[in-house]
Amino acid sequence: MNKIVDLLNGSMNGKIAEIRGWIYRIRSSGALCFIVLRDSSGIIQAVGSRNTLGEEKMKDLVSLTIESSISITGTVRQDPRAITGYELDISDFRIYQRNENFPITKDKGEEFLLDMRHLWLRSREMTSIMKIRSTAFKAFSDFFYSNGYYQTQGPMMVSTATEGGSTLFKLQFFGEEVSLAQSSQFYLEVMMFSLEKVFTIAPSFRAEKSRTRRHLTEYWHAEGEAAWYSNEDMMKDEEKMIEYIVSEVLKSNREDLELLKRDISKLETVKAPFPRIRYSDLIKMSNEWGMSLKYGDDLGADEEREITVHFDKPVFVTHYPEALKTFYHRPDPESPGEILCHDLLAPEGFGEIIGGGERIWDLNELLEKIKKYDLNPDDYYWYVDLRRYGSIPHSGFGLGMDRLVWWICGLESIREAIPFPRTIRRIKP
RNA sequence: GCCGCCGUAGCUUAGUUGGUAGAGCACCCGGCUGUUAACCGGGCGGUCGUCGGUUCAAAUCCGUCCAGCGGCGCCA
């Protein structure tokens with residue numbers, strides 16, 4: 001048994017091969033029939049002729065439908081007329097399943113394809129995106145493993161909010177109301193006290209009623225937390241991590257990027273270090289670029305888009321005003337009113353893919369912040385305990401893996417970057 | 001939550017100043033020895049999202065509800 005990709009490099013030319021997979025295209029012209037077969041490695045055209053196969057078998061072959069499963073034996077032959085440069089002269093075949101008509105044909109709308117996602121995932125576009133996604137997930141883990149981090153896991157059913165109260169998915173837990181995790185950050189902070197440097201890749205759930213091309217209600221959140229790290233230390237790991245993931249995709253998925261018509265030159269410039277811009281400086285710069293932002297304004301999606309087009313690589317925005325971020329961020333002792341945090345904005349208008357920074361590690365400072373944000377300290381007793389017993393400076397980050405894949409692939413919507421998107425109006429398939 | 005857009009055959013859609021619905025794909029039948037989401041001939045397929053209103057007459061104008069998409073906010 002051969003993989004299709006192995007028939008396309010010339011080494012099998014003139015030899016007998018057997019491949020199996022699914023019918024990607026089928027056309028017949030009387031005594032000839034052309035089948036483009038697909039497997040996970042690629043596509044190749046196979047040619048059946050009545051003269052070779054006989055009337056009966058030819059009829060069997062010609063009447064097959066898109067996505068029927070079949071194995072084909074034949075002779076590999078180089079032919080410029082074939083879609084991938086080589087084709088297979090069919091000497092024999094075995095049908096595994098003869099399909100009813102496949103629901104997906106050409107000219108399908110986005111909504112229909114989302115309903116048929118379980119079948120649309122077989123398309124060449126989705127296959128390429130999923131291969132790139134696989135590379136990205138592997139590269140993320142590999143990077144942190146080789147930089148002294150341990151992989152760990154937090155719970156997905158939680159009783160504590162990380163960010164705020166309004167965006168939680170509630171569910172019943174033996175009579176008690178609990179919620180789905182919005183982030184594993186607090187649990188990573190716990191694990192940090194034994195493992196020092198930790199990372200996780202887990203789903204996060206947000207019940208925000210977002211209706212944009214960059215939001216999912218269930219997304220894959222890649223988070224890290226590192227003991228003794230400053231904000232700057234954390235950014236250094238992150239930029240190397242992003243550079244590594246992009247370089248791994250460029251190495252392993254060049255053909256996939258080409259199939260997606262991604263401008264590869266836009267990815268080749270993604271090399272550390274990335275620019276770091278303080279929020280206050282960004283406000284000044286943005287006014288030179290014609291935006292009317294004043295200190296204290298949050299960066300909206302339009303502003304992010306406008307900012308990122310001035311750079312050919314991702315850019316860190318640091319030192320936001322305290323009021324713009326949540327309670328656990330550590331204020332900068334050297335710059336009152338500002339916090340030691342960073343967002344990473346992906347270029348070409350894709351915008352925020354990482355949020356991170358230094359965490360408050362002083363007990364009283366944290367307790368004051370909890371009070372100031374009108375939160376109940378009892379809900380956070382274990383998080384507060386971390387500041388009670390051997391507290392240390394530390395930093396962390398959260399990366400939206402789907403947003404990363406969305407940007408690397410240059411996709412229209414983040415829904416294309418995940419196999420089974422969950423949005424405000426989609427829970428199937 | 002706020003703002004905008006859309007809904008016509010299984011799918012993608014055309015439909016003029018209101019005059020009674022047209023195409024491509026898919027599907028079925030037939031043809032074709034080099035097709036590239038082939039081509040040629042024939043066939044099947046519509047409560048024009050729902051309910052109501054205006055009118056001699058509504059896919060078209062008005063209102064309602066339903067469904068979807070996008071933008072903002074929130075964030076990754």
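These numbers come from the heavy atoms of this one structure, side chains and all, not from hydrogens, waters or symmetry mates. This one's a predicted model, so the numbers in the text were calculated from it and none came from an experiment. The chains referred to below are lettered A, B, ... by the order of the sequence lines, with proteins before strands, and numbering in each begins at 1.
Comparing B:rG34, B:rC72, B:rA76 against the side chain of A:Glu87 picks out B:rG34 as the nearest. Side-chain atoms of A:Arg213 lie closest to B:rG71 of the nucleotides B:rC75, B:rG71, B:rC27. Considering only the side chain of A:Arg214, B:rG73 comes nearest among B:rG73, B:rG34, B:rC25. Nearest to the side-chain atoms of A:Ala301 among the listed nucleotides B:rC75, B:rG70, B:rC72 stands B:rC72. If you check B:rC69, B:rC25, B:rC75 against the side chain of A:Asp298, the one that comes closest is B:rC75. Closest contact between the side chain of A:Asn101 and the listed nucleotides B:rC27, B:rC75, B:rU35 involves B:rC27.
Residue contacts for A:Ser28: at a heavy-atom cut-off of 4.0 Å it reaches a base atom on one of the strands shown.
The pair A:Asp281-A:Lys284 meets the salt-bridge criterion, since a charged nitrogen lies less than 4.0 angstrom from a carboxylate oxygen.
For the P atoms, the distance linking B:rG70 with B:rC6 amounts to 15 Å, nearest Å. Going from the P atom of B:rG4 to that of B:rA9 covers 27 Å, rounded to whole Å.
Not a single donor-acceptor contact under 3.5 angstrom links the side-chain atoms of A:Arg426 to the base of B:rC69. One donor-acceptor pair, N or O on each side, does fall under 3.5 Å between the base of B:rC74 and the side chain of A:Ser210. A donor and an acceptor atom sit less than 3.5 Å apart, one in the side chain of A:Arg211 and one in the base of B:rG70.
Within the 6.0 Å centre-distance limit, the rings of A:Trp382 and A:Tyr187 are counted as a close aromatic pair.
Between A:Phe143 and A:Tyr244, the two ring planes are tilted [angle within 30° to 60°]. The aromatic rings of A:Tyr383 and A:Phe186 sit parallel to each other, their planes meeting at less than 30°, with 60° as the upper class boundary.
Remark: the A:Asn253 side chain and the A:Thr135 side chain contain an N/O donor-acceptor pair separated by less than 3.5 Å.
Cation-pi check for A:Lys372 over A:Phe327 is not met; the charged atom does not lie both under 6.0 angstrom from the ring centroid and within 45 degrees of its normal.
B:rA76 has A:Tyr219 stacked on its base ring, the centres lying under 5.5 angstrom apart and the planes within 30 degrees of parallel.
Residues from residues 50-73 of chain A lying near RNA chain B, meaning a heavy-atom separation below 4.0 Å, are A:Asn51 in numerical order.
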